[in-house]
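Take a look at the structure set out below.
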Amino acid sequence: MSEKRKPYPFDQFESKWQSHWSENKTYRAPGPGEEGFDASKPKYYILDMFPYPSGAGLHVGHPEGYTATDIVGRYKRMNGYNVLHPMGWDAFGLPAEQYAIKTGQHPRVTTEANINNFRRQLQELGFAYDWDREVNTTDPKYIRWTQWIFLQLYNSYFCDEDQKAKPVSDLEEKGWTQEQIDEVRLAFIHEAPVNWSPSMGTVLANEEVQEWKDKGETVERRPLRQWMLRITKYAQRLIDELEPLEWPESIKALQRNWIGRSEGAEVTFDVEGNDITVFTTRPDTLFGATYMVLAPEHSLVSAITTAPQKEAVEAYVSACASKSDMERGLDKEKTGADTGAFAINPVNGEKIPVWIADYVMMGYGSGAIMAVPAHDTRDFEFAQKFGLPILQVVQPHGDQDWQGCTNPGTAINSGFLDGLKTKDAKKKIIYWLVENRKGEKKIQFKLRDWLFSRQRYWGEPFPLLWDKETGQHSGVCESELPLLQPEMEDFKPTGDPRGPLINCTDWINYSDKLQRETNTMPQWAGSCWYYLRYCDPKNTDHFISPENEDYWGNEDGFVDFYVGGKEHAVLHLLYSRFWHKVLNDLGHLKSKEPFKKYFAPGLIMGEDGQKMSKSLGNVVNPDDVVEKYGADSLRLYEMFMGPLDQDKPWAMKGVEGVHRFLAKVWRVACSEDSEGRWELSGKIVEGRNDDLAKITHQTIKRVEGAINSLRFNTAISGMMECANAYTAAKEVPKDLFLTFLKLLSPFAPHLAEEINSMLEESELLSEQTWPVLDESLLVESEIQLIVQVNGKLRARIQVPADVSKEDAEKAALADGNIRAHIDGKTVRKVIVVPGKLVNIVAN
RNA sequence: GCCGGCGUGGCGGAAUUGGUAGACGCGCGCGAUUCAAAAUCGCGUUUCUUAGGAAGUAUCGGUUCGAUUCCGAUCGCCGGUACCA
């Protein structure tokens with residue numbers, strides 16, 4: 001009936017085992033106080049980035065990381081750990097809302113349907129998740145705690161002396177006014193040019209802009225009053241506390257880069273009676289500052305501009321204002337205008353002209369620079385174009401051209417700095433600036449505060465109220481949480497920067513005096529802390545109980561091992577670290593970091609080597625692969641493709657390859673009868689076979705090593721070699737084959753479980769312990785030595801494993817081929833590496 | 001420009017402290033089985049070759065008895081970031 005018989009009947013047992021595991025709660029990980037909890041067991045918390053349940057369903061990229069963590073989790077479990085491996089849904093967010101608008105359904109409905117589809121797909125891959133711990137960021141019981149954490153941020157400030165967050169109530173006790181307190185809250189309202197997307201009708205965080213632009217959305221700068229989170233206060237700690245984490249160096253570098261720490265100095269210039277401060281990383285070049293540049297948006301521009309220059313300056317400012325960020329970035333040709341004003345260089349009293357130019361950004365430092373054209377490429381270009389003076393103050397090493405040269409060297413034309421190396425000149429000028437009250441040492445960061453409000457419907461509302469008369473804001477009472485969005489017919493973005501909730505008058509009006517905040521939180525809010533909730537998902541008194549925190553978390557990084565896409569290197573991973581530190585500072589958590597160890601799987605590309613996309617038609621649907629080859633084959637293939645952290649192209653032929661391997665394992669135990677039915681072959685016997693014992697134990701060693709170093713592709717190669725040996729043998733001892741099945745079970749749990757049960761083993765493989773390596777089986781009595789002459793392989797000789805150096809040398813020199821190669825030459829030296837080789841140096 | 005990563009057969013890749021380069025898989029070729037095919041099993045598969053060898057891990061150079069591995073320079077590709085002062 002079936003046109004093509006399957007190489008092994010995965011379709012008949014995969015779903016059976018999935019149901020079995022699910023019904024028996026095989027992978028339940030009980031926590032403190034729960035039934036079946038065993039405090040003596042060590043714990044292991046392994047976490048996947050929870051997916052955003054899109055309408056498109058699971059992508060083949062998802063099971064890559066999920067299979068890796070599943071293998072490690074199952075391996076740890078077989079080694080006696082109480083493994084927490086949970087799954088949940090990052091279900092708020094713009095795409096969900098856009099999809100809902102498009103289909104005319106409420107996002108809660110479409111989200112639920114998408115979640116059900118995702119859950120089905122994940123369950124069909126046999127992942128050992130504890131589904132009792134499932135979390136969903138859009139669940140009111142979850143929203144409640146997201147909002148509670150927001151209120152912690154809102155009700156705290158950053159104490160600079162102690163470098164940590166503290167409750168604002170401390171400031172109230174010190175007699176601070178409400179206005180003063182509002183200035184320092186970690187969640188604060190701020191009017192500034194922000195990233196406004198006209199196409200999406202919302203603002204975006206700096207970190208998100210590129211991603212949405214890539215998807216074709218428009219983003220422009222626009223001044224708006226928005227809620228911000230004061231992440232910049234944590235800039236230094238976010239760099240320092242990253243150091244001890246077991247993260248890939250590249251990801252750490254990405255975060256450091258984004259935070260962008262620069263050491264330098266602030267220098268104050270007198271400009272027509274105003275103090276203008278600039279930041280510079282090269283205070284040693286202060287004598288070479290021959291002009292000053294302000295950003296066009298700088299607040300003092302109109303005040304200092306002289307009458308004759310007024311028209312030109314105003315024209316330039318408005319030209320810049322109308323340019324989008326993109327145009328401004330693309331246009332590398334320097335432009336600017338002379339304000340006519342002069343600044344006094346504090347170090348030598350020189351009068352230097354003040355210009356405005358759009359190569360100076362308002363968002364970094366003070367929005368003003370001292371220009372040192374001799375030693376800065378941008379200032380050099382600008383000075384050349386506008387004929388401004390260029391004064392060399394650093395003599396670079398060697399014969400490098402000093403013009404526009406930014407390299408360090410020796411100070412010249414710099415008064416008391418002359419003759420000093422750049423490093424020493426920096427120290428001396430900073431000392432001078434401090435002494436003369438003209439500046440100070442300064443550390444500057446690129447990191448901006450986090451724009452946290454969105455003008456959308458499908459997100460957590462801010463639990464905040466505004467006084468209609470005074471305009472003062474305040475947090476709602478914790479007992480009123482969760483605060484859910486009202487039911488609305490039409491929640492489309494309105495273009496109104498207050499968001500669609502503004503149209504829901506019943507909901508907005510909290511009382512006669514008070515009105516609700518109408519902005520909502522970004523998708524990141526829920527994902528910032530979900531790893532904590534998994535530990536105690538049903539707790540109604542705490543976001544996580546201290547007992548669960550102590551049991552599941554680590555002091556030096558809460559989660560033992562976190563796996564997920566590197567596209568979140570400067571988004572989710574940075575935001576989570578920030579929230580975790582705030583919660584730690586406020587005494588709600590004991591650890592400083594959320595993720596002790598982190599790993600980012602590579603991207604799975606299309607078969608054509610391009611990134612998978614609908615438009616290219618190269619998308620692989622995991623459901624189709626499971627249908628055709630089974631879940632084990634998909635899992636195994638994704639692990640066999642290559643190193644986990646590398647980007648790699650999909651190849652359906654490769655899926656067939658691992659599928660054949662699984663079928664080969666199946667056929668070690670089973671064969672077909674004349675009707676085409678599978679039955680035990682009788683090849684598995686009681687007995688012993690030293691050769692197979694050796695390769696089986698070699699495989700234990702290889703697989704263990706490979707799992708511990710996340711090199712799953714080599715684990716699978718090892719198992720393939722072992723299976724090839726079983727295939728070639730006439731009989732396979734049962735104990736060895738059962739050992740092999742245990743090794744295979746984290747990778748292909750369904751097949752391993754099925755064969756195990758067919759061999760009348762009653763206990764589930766996943767309940768069994770990992771095989772113990774017997775090293776004695778690996779020792780050889782005879783080994784092969786390679787013999788080289790002048791480093792080139794010339795012979796292989798068999799010698800006893802414990803051969804002495806002298807005997808090895810003798811045996812090598814006795815070999816016929818070796819004799820031929822050293823014939824007529826003098827042996828100068830013989831290197832013997834025990835157990836490996838003999839190298840004869842002769843000429 | 002700056003930061004990070006990567007260059008090994010026809011392809012994905014292996015070689016864990018420097019010690020047999022190309023494991024394992026894909027593809028391809030040959031053979032067995034079959035009436036035939038599929039499936040399966042076995043053998044072969046870096047290149048050149050005067051068949052003894054020679055060359056070979058992006059390129060050039062260095063250290064070493066010995067380098068895919070360590071060091072230096074160059075080229076190429078990928079990712080991040082960018083008038084960040």
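Just so we're clear, the structure is a prediction, and the values are computed from it rather than from any experiment.
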Legend entry - Side-chain donor/acceptor of A:Lys653 to base of B:C11, under 3.5 Å: no
Ignoring backbone atoms, test whether [X] places a side-chain nitrogen or oxygen under 4.0 Å from the OP1 or OP2 oxygen of [N].
X	N	answer
A:Asn724	B:G25	yes
A:Lys829	B:C65	yes
A:Arg448	B:C84	no
A:Thr281	B:C84	no
A:Arg660	B:C41	no

Provide the distance between the two [atom1] atoms, one in [N] and one in [M], to the nearest whole Å.
N	M	atom1	value
B:U59	B:C11	P	15 Å
B:C3	B:A82	C1'	11 Å
B:G27	B:U46	C1'	15 Å
B:G22	B:C77	P	31 Å

Inset, instruction - Answer yes or no: are there more than 12 heavy-atom neighbours, outside A:Lys648 itself, under 6.0 Å from its atom NZ? - result: yes
Give [X] one of three labels, base, sugar-phosphate or nothing, depending on what nucleic acid heavy atoms sit under 4.0 Å from its own.
X	answer
A:Val833	base
A:Lys836	sugar-phosphate
A:Asn713	sugar-phosphate
A:Glu381	nothing

Inset, instruction - Flag the pair A:Lys442 and A:Glu440 as a salt bridge only when some basic side-chain nitrogen lies within less than 4.0 angstrom of an acidic carboxylate oxygen. - result: no
Legend entry - Salt-bridge present (A:Glu780, A:Lys694; N to O < 4.0 Å): yes
Inset, instruction - Please work out whether B:G62 sits syn or anti, treating a glycosidic angle within 90° of 0 as syn. - result: anti
Legend entry - 5'-to-3' dot-bracket of RNA chain B (Watson-Crick, G-U; under 3.5 angstrom; crossing pairs as [ ]; | other strand): (((((((..(((......[....)))((((((.......))))))(((....)))..(((((..]....))))))))))))....
Legend entry - A:Ser366 side chain vs A:Thr277 backbone, donor-acceptor pair below 3.5 Å: yes
Inset, instruction - Return the 5'-most residue of the pair A:Thr280, A:Gly657 with respect to RNA chain B, ranking by each residue's nearest nucleotide. - result: A:Gly657
